[in-house]
Amino acid sequence: MLCHFYTVSLINECQMLVHRGVKEVTLLGQNVDSYGHDLPGTPDLADLLQAIHEQVPELARIRFLTSHPNDMSQHIIDAVARLPRVMENINLPFQAGNDDVLSRMKRGYTNAEYRGIVSRIRESIPDVAMVTDLIVGFPGETPEQFEDTLAMVRDIRFDKVHSAAYSTRPNTFAQRKMEDDVPEGEKKDRLTALEALQKNIATELNSVLMGSREQVLVEQVRDLQATGRNRNDKLVHFAHPQVPALTGQMVNVRIEKTGPWSLLGSLELAKQAVAVSTAH
């Protein structure tokens, strides 16, 4: 097991959070899967996940984001597949589907290389939910190059896509060396096309969950309606008179309606009797 200061510090923080009643933690970093590359012995994120999983057994769920394709090693993928309390949800931004645009962004990988990483992830983690980030209207992006982004989304079929239109950011290479030459109207049209495509894909993917039994961690309650997330980080809503007692609890929900952005279901009472009683 890793024993250097940073890993021990993170383990201690997770233990402290568990003692306060926390059931889920997210390891957060701009490129979280580059963790450990500058540490003695060059441990990686997989080693950290293993250490937390072993040393904090009371922690019900472990997540991480955001990853960079260049650092998504098979070692990390195998750790997610092997550790039952690490959730099957990977956020892997690709940002653009065209190789020339990716090169101008200095992303360090190609369309084909990104697709290969996703294939390896899905081969190792069959139930994984893939999430991505992308930008439309990067300087110099032509309509034909944007079509490569649409093709990537269409082919890979992400569970979620976080998209945004390009805007200049101070002190970046693009701001210093590139002209923001894609008209704002064109950016909006591309964003609209992308969002429409993803809505259809998410609708189809979520429809498969109709009638399924999902383990949900309840996050908030409003007017006796509870909202939580399943293992794949999908939003689940359900209602029940005893909902306030379930805040922060892990419950089982039978899915009765699906949509592109969330799921709706009912609480399985018999399965949840013990959890309700312990919450009082």
Side-chain angles (χ1 to χ4, degrees), residues 1-36 39 43-67 76 79-91 125 127-129 131 159-160 162 213-240 242-253 262-263 265 267-269 271-280:
M1 189 197 76
L2 299 176
C3 59
H4 57 73
F5 171 80
Y6 296 102
T7 298
V8 172
S9 177
L10 287 167
I11 290 172
N12 289 341
E13 185 172 356
C14 289
Q15 290 172 336
M16 175 192 68
L17 291 171
V18 166
H19 292 156
R20 293 179 179 178
V22 170
K23 291 183 172 60
E24 176 180 301
V25 299
T26 299
L27 305 176
L28 180 64
Q30 184 172 358
N31 291 339
V32 70
D33 52 352
S34 66
Y35 174 83
L39 297 176
D44 66 5
L45 180 64
D47 298 314
L48 177 61
L49 293 171
Q50 178 76 43
I52 293 175
H53 196 278
E54 290 179 355
Q55 297 299 311
V56 196
E58 303 88 353
L59 189 60
R61 290 180 172 182
I62 305 168
R63 301 186 188 275
F64 62 92
L65 59 91
T66 298
S67 301
I76 295 173
V80 177
R82 183 181 71 255
L83 302 172
R85 289 182 288 111
V86 175
M87 299 298 98
E88 306 89 346
N89 178 253
I90 293 182
N91 186 316
I125 316 168
D127 296 328
V128 70
V131 181
D159 290 80
K160 294 180 186 177
H162 303 298
R213 175 174 170 266
E214 299 297 309
Q215 184 187 65
V216 175
L217 177 58
V218 180
E219 296 179 348
Q220 70 174 25
V221 174
R222 182 175 298 171
D223 299 327
L224 296 184
Q225 171 129 337
T227 297
R229 295 179 185 272
N230 71 354
R231 292 181 62 93
N232 291 137
D233 202 40
K234 295 179 186 286
L235 276 174
V236 180
H237 307 287
F238 66 92
H240 186 267
Q242 292 181 310
V243 150
L246 298 180
T247 303
Q249 300 298 310
M250 203 79 73
V251 300
N252 296 316
V253 177
S262 64
L263 310 169
L267 185 67
E268 291 193 341
L269 296 178
K271 302 285 186 182
Q272 203 51 45
V274 175
V276 172
S277 64
T278 59
H280 290 285

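Throughout, residue positions are numbered sequentially from 1 according to the sequence presented.
- Crowding of Glu58 atom CD: a count of heavy atoms from other residues, nucleotides or ligands under 6.0 Å exceeding 12.
- Gln15 places a side-chain N or O within 3.5 Å of a backbone atom of Gln55 that can act as its donor or acceptor partner.
- Other residues, nucleotides and ligands contribute over 12 non-hydrogen atoms within 6.0 Å of the CD atom of Gln220.
- Using a 4.5 Å heavy-atom cutoff, the side chains of Leu235 and Arg229 are in contact.
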Next item on the list: Please lay out, stage by stage, how Val221 and Leu246 fare under the test side chain to side chain contact (heavy atoms under 4.5 Å, CB included).
Entry: CA-CA 9 Å; Val221 174; Leu246 298 180; over 6 Å; no
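- A distance of 6.5 Å separates CG of Asn252 from CD of Gln215, quoted to the nearest 0.5 Å.
- Between Lys23 and Gln249 there is a side-chain heavy-atom pair separated by less than 4.5 Å.
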Next item on the list: Show the numbers, then the answer: is there a side chain to side chain contact (heavy atoms under 4.5 Å, CB included) between Leu48 and Tyr6?
Entry: CA-CA 10 Å; Leu48 177 61; Tyr6 296 102; over 6 Å; no
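- Rounded to the nearest 0.5 Å, atoms OG1 (Thr247) and CG (Leu217) are 10.5 Å apart.
- Annotation: the span from Thr227 atom OG1 to Leu263 atom CG amounts to 11.5 Å, rounded to 0.5 Å.
- Put simply, the side chain of Lys160 gets close to the backbone of Asp233: a donor and an acceptor are under 3.5 Å apart.
- Counting only heavy atoms from C-beta outward, the side chains of Val218 and Phe238 approach each other to under 4.5 Å.
- Side-chain contact between Asp44 and Ile76 is present, with at least one heavy-atom pair separated by less than 4.5 Å.
- To the nearest 0.5 Å, the span separating CG on Leu65 from CG on Leu28 amounts to 5.5 Å.
- In this structure, CD in Gln50 is found 12.0 Å from OG1 in Thr7, a value given to the nearest 0.5 Å.
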Next item on the list: Test Leu27 against Leu45 for side chain to side chain contact (heavy atoms under 4.5 Å, CB included), laying out the working first.
Entry: CA-CA 10 Å; Leu27 305 176; Leu45 180 64; 4.2 Å; yes
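- One finds the OH atom of Tyr35 at 5.5 Å from the CG atom of Leu10 (value rounded to the nearest 0.5 Å).
- Using a 4.5 Å heavy-atom threshold, the side chains of Gln225 and Asp223 count as separate.
- When every heavy atom of Val25 is checked against every heavy atom of Cys14, the shortest pair comes out as CG2-SG, 4.1 Å.
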For residues 84-91, please give each side-chain donor-acceptor pair under 3.5 Å, one per line with the distance, not counting sequence neighbours.
unit_1, atom_1, unit_2, atom_2, d
Arg85, NH1, Val56, O, 3.3
Arg85, NH1, Leu59, O, 2.6
Arg85, NH2, His53, O, 2.5
Arg85, NH2, His53, ND1, 3.4
Glu88, OE1, Arg231, NE, 3.0
Glu88, OE1, Arg231, NH2, 3.4
Glu88, OE2, Arg231, NE, 3.3
Glu88, OE2, Arg231, NH2, 3.0
Asn89, ND2, Asn232, O, 3.1

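- Here the closest non-hydrogen pair linking Ile125 and Ala81 is CG1-CB, 3.9 Å.
- For the pair Met250 and Arg61, the minimum side-chain heavy-atom distance is below 4.5 Å.
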